[in-house]
*Asks:* 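One structure follows; several queries about it will come next.
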Number of protein chains: 2
Amino acid sequence: MKRTKIKDVFKQTETDVKILVKGWVRTRRGNKSVNFIALNDGSTVNNIQIVVDLEHFSEELLKPITTGACIAVEGKLVASQGKGQTVEIQAEKIEVYGSADPETYPLQKKGHSLEFLREIAHLRPRTNTFGAIYRVRHNMAMAIHTFFHQKGFVYVHTPIITASDCEGAGQMFQVTTLNLYDLKKDENGSIDYSRDFFGKQASLTVSGQLEGELAALALGDIYTFGPTFRAENSNTPRHLSEFWMIEPEMAFYEIADNMDLAEEFIKFCIKWALENCADDLAFLQEHFDKELTERLQFVLDNDFKRLTYTEGVEILEAAVAKGHKFEFPVSWGTDLQSEHERYLVEQHFKRPVILTDYPKEIKSFYMKQNDDGKTVRAMDVLFPKIGEIIGGSQREEDFEKLKNRAQEMAVPQKDIWWYLDTRRFGTAPHSGFGLGFERLLLFVTGMANIRDVIPFPRTPNTADF
Amino acid sequence: MKRTKIKDVFKQTETDVKILVKGWVRTRRGNKSVNFIALNDGSTVNNIQIVVDLEHFSEELLKPITTGACIAVEGKLVASQGKGQTVEIQAEKIEVYGSADPETYPLQKKGHSLEFLREIAHLRPRTNTFGAIYRVRHNMAMAIHTFFHQKGFVYVHTPIITASDCEGAGQMFQVTTLNLYDLKKDENGSIDYSRDFFGKQASLTVSGQLEGELAALALGDIYTFGPTFRAENSNTPRHLSEFWMIEPEMAFYEIADNMDLAEEFIKFCIKWALENCADDLAFLQEHFDKELTERLQFVLDNDFKRLTYTEGVEILEAAVAKGHKFEFPVSWGTDLQSEHERYLVEQHFKRPVILTDYPKEIKSFYMKQNDDGKTVRAMDVLFPKIGEIIGGSQREEDFEKLKNRAQEMAVPQKDIWWYLDTRRFGTAPHSGFGLGFERLLLFVTGMANIRDVIPFPRTPNTADF
């Protein structure tokens, strides 16, 4: 007999039929004549209720069926009298695949703190919370690939190991096969990296953007979706040392096209979540964030407000003048803090905001310079609750301007000759942006700590499992 | 006016309409009265022909329009008289975005060797060959996500940085933030990794399988698709130091289910390529592999032959007895070489082959042990031209057997306590397999060198761009 996934059991319209389900026991309760097993197989947050008539099953068989045990149940699917469920299964045959000793199994019925569950990240997918989060995570990845594929974008795998550090997005992890107990040095006392695996010093990438631009200036529209790394010693609920990024890059896009795409993209993802993850979102809303679906719907229903950084700062300064207190000072030229971004979104405009044309001093060398000589054609998408969710820009396509700005910002030309080549040969206007996948997941799941939206978080002093 | 991608120009049925295209010049040729520009924008391997009436354009404007230049062309789409094309564009307005000095631009009209193009991997996406390969690569990634999504699998991001080395698949790259000029040692003279970023020694993953199993034994059906690493000093056309792997893992699958899934999966991908990449495959067939689509169709049309390793070795020994010469010896207990695998596929069965039940000595500790005490429930899928394309197994679900086998194979228990926990608590029969993404691409594109199917290959002494 073929197994039916529990998600499909709930979709089945015909009852009084034989059915085979397999999964893990969430709870078992009952009285002297009948037991009820709540069974979950990971396909949905909802459990199927198994009704066990004790007349037909031995105590010996049932004994190992405790929370966490894995079983197969053959039985009859019937309409359920219980509230909160439409169907249940009357067990006819039960097979126990694996028990879970109640004395040692860490996931008993009672609720566990998210902190405790992080310590047993190898078992936490077995909880309702993490089952829901990982299914949403899967769906967001699928939404992203679907969105770009439908638009004719090419998915490009940019390299993870890199010998250049020119994006300057943060501190890097070194990658080496040198024997650290026997490091050879040259006459100047420098480590001889010609003996290292790649013949030079190598690191883990902080961004695939520059390589993405190489591809966009040949294939047109491309996107990356891969892991990126930061070696900063940041122990915060918003930072990971290893996280996934999506970086689309489009030839012939100017800044307005870039904003249109970013807004369409993120709304597509959120709509996908609402349509495909309703059960999981309802669970997360009930347990973690009462305003979750309201907030998601709010983003869908509103055009993003577009204004310049300069206009944004004026609004913030006016708020300060009227007595609003920010923790950090704000004036033209400063990088905005999350509190400033959220003020614009939540209190002033009451909808998502896209800020453009930032001071060039606080942005990267590759952003297109405006004619005012002071600002660059950057854009940040700001969201309620989390602040910046997307950062991007039109790229500088002019060879001389790009080269000079790189020099001003001390990016060594020998590290970016290949990047400059794209402006030397057949340059084109182009734009792109980056989205931290886990930031998107924080927004879509309503979770507060970024370590809870990636299966095995890597942070300072933590690389377990 | 909105730009039309060249791929969509060829789909347009209406002619004598205004149109705007943008792209890179492949060639420009002509006579005193008319010029023909072959324009490509990366959306398709096919160029659109731009007809330039020299009466309407100045020499000065046309001068920079050489191979590699980037231009925008507004004009009228008309039926073409030329052979090999249905439509062309009569230019009315041309804008030059970027020139490409013929003296220095490396990609001139003439064909270039693949070796040369590897040295300019930042520009090679601008060639027909690499445009085709990268579009096929995108499509295979999309096929993979679509296949698993439709079946209700959850995409799981397993960690890239790991502190354990228990999969044993190969040599690893070390990841560190220690200052190599000032390594602190403890009283035993060992490097003090408590000062390193993760508080212990860390490396780049060689496989996401073990973490994938954790997820499968909670969520049911999962798959990984991410980068993996090998620090072997292998300079061959089949090895990369950084490559992408797909590793599905399924609760409640036994070995036969695993074989069914692997066969269905790979046929789905190949069918997707034939249906969605016809132009690119035709180009690759013409220039690199005359039998390409025939070989792809051959895999689609044939059931994979399933037999045991023992039966396979008997066939190979019989072949040797009849005079067939292999470079490497073959007898029960030896690992099969590519030449043996290809003999079974290409000469004996004349179709793809799945070998099962390998000697336990040549396979990993986590594979399910057969009752004979000698073999494990492994499976390898063997393909024409490339040999092994998929390797997998049913996993050992019995806690004691797994623990003992790990011990016999010297896998330290302290490194795999979390993995063993899945067998201690609610264990279940389960299976999985791994597919090297670039191996699949070698097969689907017909290319011979694995460095040509990944955008920026990492190999010993090479980490450019």
Side-chain angles (χ1 to χ4, degrees), chain A residues 3 5 22 24 41-43 68-70 97-98 100 105 122 125-126 131 134-135 138 141-142 145 149 152 154-157 159-161 163 173-177 180 183 191 197-199 202 211 214-215 218-220 227 231 242 244 252 418 421 425-428 455-456 458 460-461 463 465, chain B residues 3 5 22 24 41-43 68-70 97-98 100 105 122 125-126 131 134-135 138 141-142 145 149 152 154-157 159-161 163 173-177 180 183 191 197-199 202 211 214-215 218-220 227 231 242 244 252 418 421 425-428 455-456 458 460-461 463 465:
Chain A
R3 165 195 170 216
K5 287 193 183 181
K22 302 180 177 186
W24 291 269
D41 66 1
S43 64
C70 185
Y97 287 130
Y105 185 57
H122 65 308
R126 299 184 181 194
Y134 297 154
R135 282 186 296 271
H138 161 76
M142 198 62 207
H145 285 297
H149 180 68
V154 174
Y155 179 27
V156 174
H157 290 112
I160 311 302
I161 298 173
F173 290 101
Q174 184 168 1
V175 174
T176 183
T177 56
L180 302 195
L183 290 168
I191 290 168
F197 191 89
F198 296 107
E211 289 89 354
L214 303 180
L219 301 167
E242 172 182 316
W244 287 66
F252 312 119
W418 46 274
D421 263 7
F425 304 120
T427 191
F456 304 97
R458 268 70 181 111
N461 285 309
F465 316 110
Chain B
R3 165 195 172 217
K5 286 194 184 182
K22 302 179 178 187
W24 290 270
D41 66 0
S43 64
C70 185
Y97 287 130
Y105 186 56
H122 65 308
R126 300 184 181 194
Y134 297 154
R135 282 185 297 270
H138 161 75
M142 197 62 209
H145 286 298
H149 179 69
V154 174
Y155 179 27
V156 174
H157 290 113
I160 311 301
I161 298 173
F173 290 101
Q174 184 167 0
V175 174
T176 183
T177 56
L180 301 195
L183 290 167
I191 290 169
F197 191 88
F198 296 107
E211 289 90 353
L214 303 179
L219 300 168
E242 171 182 317
W244 287 66
F252 312 119
W418 46 274
D421 262 8
F425 305 119
T427 192
F456 304 97
R458 268 72 181 109
N461 285 310
F465 315 109

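As the structure is a prediction and not an experimental result, all values here were calculated from the model. Each chain gets a letter, A, B and so on, in the order the sequences are listed, and its residues count up from 1.
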*Asks:* So which of B:Pro455, B:Ala69, B:Gly220 has the biggest tally of heavy-atom pairs under 4.5 Å with chain A?
*Replies:*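 Top count of heavy-atom pairs under 4.5 Å with chain A: B:Pro455.
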*Asks:* Where do A:Phe198 and B:Arg458 land on the side chain to side chain contact (heavy atoms under 4.5 Å, CB included) test, with the steps shown first?
*Replies:* CA-CA 8 Å; A:Phe198 296 107; B:Arg458 268 72 181 109; 3.9 Å; yes
*Asks:* Do you know which two heavy atoms are closest between A:Trp24 and B:Gly426, and how far apart they sit?
*Replies:*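 Between these two residues, the closest heavy atoms are NE1-O, 2.9 Å.
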*Asks:* Please classify the contact of A:Glu242 with chain B as side chain, backbone, both or neither, using a heavy-atom distance under 4.5 Å.
*Replies:*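 The answer is the side chain of A:Glu242.
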*Asks:* Can you tell me which of B:Ala231, B:Ala202, B:Gly131 forms the most heavy-atom pairs within a distance under 4.5 Å of chain A?
*Replies:*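 Result: the option with the highest number of such pairs is B:Ala231.
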*Asks:* So which part of A:Pro159 gets closer than 4.5 Å to some heavy atom of chain B, the side chain, the backbone, both or neither?
*Replies:*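 Looking at A:Pro159, backbone and side chain both touch chain B.
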*Asks:* Taking side chain as everything from C-beta outward and backbone as N, CA, C, O, which of these in A:Ser43 sits under 4.5 Å from a heavy atom of chain B? Side chain, backbone, both or neither.
*Replies:*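 Backbone of A:Ser43 only, per the 4.5 Å heavy-atom cut-off to chain B.
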*Asks:* Identify the two heavy atoms, one from B:Leu214 and one from A:Pro125, that lie closest to each other, and give their separation to 0.1 Å.
*Replies:*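 Closest approach of B:Leu214 to A:Pro125, heavy atoms only: O-CG, 4.4 Å.
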*Asks:* Between chain B and each of A:Arg135, A:His138, A:Arg3, A:Lys22, count heavy-atom pairs under 4.5 Å; write down the option with the most.
*Replies:*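 If we count pairs closer than 4.5 Å to chain B, A:His138 comes out on top.
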*Asks:* Could you have a look at B:Lys5, B:Glu211, B:His149 and say which one has the most heavy-atom pairs with chain A under 4.5 angstrom?
*Replies:*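 Among the listed options, the one with the most contacts to chain A is B:His149.
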*Asks:* Chain A: which of B:Ile160, B:Leu183, B:Thr176 shares the most heavy-atom pairs with it under 4.5 Å?
*Replies:*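 It is B:Ile160.
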*Asks:* May I ask you to name which of B:Ala141, B:Ala218, B:Gly199 has the most heavy-atom pairs under 4.5 Å with chain A?
*Replies:*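 Of B:Ala141, B:Ala218, B:Gly199, B:Ala218 has the most heavy-atom pairs under 4.5 Å with chain A.
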*Asks:* Would you mind telling me which of B:Phe252, B:Tyr155, B:Phe465 has the largest number of heavy-atom pairs within less than 4.5 Å of chain A?
*Replies:*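 Among B:Phe252, B:Tyr155, B:Phe465, the one with the most close pairs to chain A is B:Phe252.
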*Asks:* Considering non-hydrogen atoms only, spot the tightest contact between B:Cys70 and A:Ala428 and give its length.
*Replies:*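 Residues B:Cys70 and A:Ala428, closest heavy atoms: SG-CB, 3.5 Å.
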*Asks:* Do B:Tyr97 and A:Thr427 touch side chain to side chain, with heavy atoms closer than 4.5 Å?
*Replies:*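 B:Tyr97 vs A:Thr427: side chains apart.
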*Asks:* Non-hydrogen atoms of chain B under 4.5 Å away: do they reach the side chain of A:Arg126, the backbone, both or neither?
*Replies:*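 When you check distances to chain B, atoms from both the backbone and side chain of A:Arg126 fall under 4.5 Å.
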*Asks:* Out of A:Val175, A:Leu219, A:Thr177, return the one with the most heavy atom pairs under 4.5 angstrom to chain B.
*Replies:*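 Looking at each option in turn, the highest pair count goes to A:Leu219.
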*Asks:* I'd like to verify something: which residue of A:Phe197, A:Tyr105, A:Phe456 has the highest number of heavy-atom pairs under 4.5 Å with chain B?
*Replies:*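 Result: the option with the highest number of such pairs is A:Phe197.
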*Asks:* Is chain A contacted by the side chain of B:Ile191, its backbone, both, or neither, given a heavy-atom distance below 4.5 Å?
*Replies:*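 For B:Ile191, heavy atoms of backbone and side chain both lie under 4.5 Å from chain A.
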*Asks:* Could you tell me which portion of B:Pro227 (side chain, backbone, both or neither) has an atom closer than 4.5 angstrom to a non-hydrogen atom of chain A?
*Replies:*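 Side chain of B:Pro227 only, per the 4.5 Å heavy-atom cut-off to chain A.
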*Asks:* Is any side-chain heavy atom of B:Leu180 less than 4.5 Å from a side-chain heavy atom of A:Gln174?
*Replies:*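 Contact flag for B:Leu180/A:Gln174 side chains = yes.
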*Asks:* Examine whether an atom of A:Val154 lies under 4.5 Å from a heavy atom of chain B, and if so say whether it belongs to the side chain, the backbone or both; otherwise answer neither.
*Replies:*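 Contact with chain B is through both the backbone and side chain of A:Val154.
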*Asks:* Quick check for you: among A:Gly152, A:Gly68, A:Pro460, which has the greatest number of heavy-atom pairs under 4.5 Å with chain B?
*Replies:*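 Greatest number of close heavy-atom pairs with chain B: A:Pro460.
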